[in-house]
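Counting convention: from 1, in listed order, for ligands and their atoms alike.
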Amino acid sequence: MSKHSENQASESGLVVYKRLLGYLKSYKVQFAISIAGFLVYSLTQASFGYIIEQFIKALRMPESTSLLYVPILVVVLAFARGASFFVANFAMSKVSLGIINDLRKQVFDKMLYLPSQYYDSRNSAELVSLITFNINQVSNSASTAVKTVFREGFTVLALLAYLFYQNWQLTAIFLLVAPFMAGIVALASRQFSKLSKRIQDSMGNLAHITNESVNGYRLVRGYGGEGYERQRFNQASERNTKQGIRFNFIHSLQTPVLQFILSVALALVMLLVLNMEGAPEEHVAYIVMAGLLARPIRALTQISGQIQKGVAAAQSVFEVIDIPSEQDEGSYTVARAGGTIAINALSFRYTAIDSQVLRNINLHIPRGQSVALVGRSGSGKTTLASLISRFYEPSEGSITLDGVALSEYKQSNLRQQIALVSQNITLFNCTVAENIAYGHLADASMEAIRAAAKAAHALDFIEQLPEGFNTIIGEDGTRLSGGQRQRLAIARALLKDAPVLILDEATSALDTESERKIQAALTELMKNRTTIVIAHRLSTIENADTIVVMDNGEIIEQGSHEQLLAANGMYAGLHTSQALIQDDQG
Ligand code: ADP
Ligand code: MG
């Protein structure tokens, strides 16, 4: 690691601390109570020397004080110590759990508004691991660190104050070794920082490999991928273990080295005390107190590892929080849009390094009309549908709905105008009814849900489920067939009753028979709304008002079915070949 980037790392470490402090704001009171508790706790530690001193004095000169004085003091201090420990720890745990809760909610909330590009580039399991693992790591290490710094830090200060008060020359010896100890801690800390980052990355790796193998278990077994999966999981797991062992090697070595340095200093002090004059109780008390320094100092030096783990985790959490949300600067809202869509000189690439996926698209769709997009797979149909739903921003050109640019709409309002059935259907692990009436539709009546299901030809199979509309359909609808899933998704879109309907291969998993039936329902539905249908089976789109043929990101033909057949271009070619295939089948 170069000098430069090391400095950067420590700098960002500082930034991270400051930012974490910001989260304390809502917990000022509990935090203050906790700190006060630790202060009392450490004072009770330091008063131990005073007790010893008084005890020996009472032994030597019983007539000088009451014999009850020291025992009573012990009980009182023990109580104060216990009570302050309880208050301080409990208050701090409230702070730390509260911060976990805040961070978790903040990150989840962020995820709801992250731009599509983020999801394109990340593995979903890593996001899960961020919420379940990294955030806990942040708060646990921060609270452990804070607890230790205050509890042990105050104890060290109180002990040092006592020792200085007793004999400042002797005590100065301890300060002489402090820089050595600090140097060792700093050295170890740098290693901790590096290793923590690696440990955390490998945790994310483990999560995503597990996720892929679990979700794809059929594929893994069907294609004999067990060996490959085992190998890459083991590799990631072993990398994690190796880094963990390195971390603990340094962690375990650091403590005895520091203890040894401290003990040498203590031995030196003892040697000097033995050659000093004065009351033995003062000497004993001094040495006992000096000996007491070892434990809190050990605890203090041990937290640097913990802190580095926390910083690495916090960096990963803040990284996500800092990603700009999906663009939503528009303020235009409309109760129900008319549905005229115009696409003007639109070009698009997914990221700056990707090549252009759409090139100079111009398309006007009057309200209430239907447009079918056809073209080879990869020609950009889904991409165009995503742009109309504003999941991405055009690289050049614009899209308007009723003459208003999509970017001028409030995102939530725009999306209310569009019902999208996408190629990849998402279903939730809840009931059939809840899946159809999702989101804004949650308060739809049972009759409306039923009607939508009927129009989507889903009613038959729903009624055969064990509990009908109240059947839980499993994670992402695993208990349904592909065609059933599509029919639920169509029912959901029908229930939404939006002025713009986009169907992206929405009937691809249906058999010809069901598709024909749904087609009838869809045709009915298209009557009063603007519809964009993407279909690979041409028979389903012949009735569209306009058929747009796309190839390689461009519109190469458009017109009605008859016009395009007459033009004898690509559409006509596609049509003939599909007709042939269907003839073969039939
Ligand atoms: P179609 O729906 O017509 O089959 P798509 O719109 O899905 O085509 O894809 C068009 C092109 O864009 C393809 O070359 C595909 O590789 C690319 N593409 C699709 N989705 C993404 C994405 N999220 N990031 C980068 N490239 C993408
Ligand atoms: Mg597609």
Atoms of ligand 1 close to [X] [distance to a heavy atom under 4.0 angstrom, numbered from 1]:
X	result
T383	5 (P), 6 (O), 9 (O), 10 (C)
S377	4 (O)
V357	10 (C), 11 (C), 12 (O)
D354	25 (C)

From the candidates F391, Y392, Y350, the one that places a heavy atom nearest atom 25 (C) of ligand 1: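 The residue whose heavy atom sits nearest atom 25 (C) of ligand 1 is Y350.
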Shortest reach to atom 1 (P) of ligand 1 by a heavy atom, considering only S355, G378, S121: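 That would be G378.
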Check: F247 and I199 side chains under 4.5 Å, non-hydrogen atoms: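 Answer yes - side chains close enough.
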With A345 via side chain to side chain contact (heavy atoms under 4.5 Å, CB included) - residues at least two apart: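 Counting only residues at least two positions away or on another chain, A345 forms a side chain to side chain contact (heavy atoms under 4.5 Å, CB included) with N360, N362.
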Qualifying salt bridge (charged side-chain N to carboxylate O under 4.0 Å, His left out) pairs with a residue from residues 451-471, counting only residues at least two apart or across chains: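 Matches after skipping sequence neighbours: R450-E463.
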Test item, G375 contacting ligand 1 (heavy atom, 4.0 angstrom):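 Outside the 4.0 Å threshold, so no.
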Check this for me, if you would: do [X] and [Y] make a salt bridge, where the nitrogen-to-carboxylate-oxygen distance has to be below 4.0 angstrom?
X	Y	result
R19	D322	yes
E326	R415	yes
K381	D504	no

Part of T351 with heavy atoms under 4.0 Å of ligand 1, whether side chain, backbone, both or neither: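 Near ligand 1, T351 shows nothing, with every heavy atom at 4.0 Å or more.
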Geometric class of the F318/Y23 ring pair [parallel <30°, tilted 30-60°, perpendicular >60°]: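 Parallel, since the angle between the ring planes stays under 30°.
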The Mg ion (ligand 2) to nearest N/O/S of S377 less than 2.8 Å: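 Given the 2.8 Å cut-off, S377 does not count as a ligand of the Mg ion (ligand 2).
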Under 2.8 Å: N/O/S of T383 next to the Mg ion (ligand 2):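 No, since none of the N, O or S atoms of T383 sits under 2.8 Å from the Mg ion (ligand 2).
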Test: R218 cationic atom under 6.0 Å from Y223 six-membered ring centre, within 45° of axis: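 Geometry flag: not set, cation outside 6.0 Å or 45°.
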Atom 16 (O) of ligand 1 protein-contacted, heavy-atom criterion under 4.0 angstrom: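 Protein heavy atom within 4.0 Å of atom 16 (O) of ligand 1: absent.
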Top protein contact for atom 7 (O) of ligand 1, by heavy-atom distance: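 Atom 7 (O) of ligand 1 sits closest to the protein heavy atom T382 CB, 3.6 Å.
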S508 OG to I534 CD1 distance, which is reported to the nearest 0.5 Å: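 S508 atom OG to I534 atom CD1 measures 11.0 Å (nearest 0.5 Å).
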N or O contact, Q423 vs ligand 1, cut-off under 3.5 Å: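 No: no nitrogen or oxygen of Q423 is under 3.5 Å from one in ligand 1.
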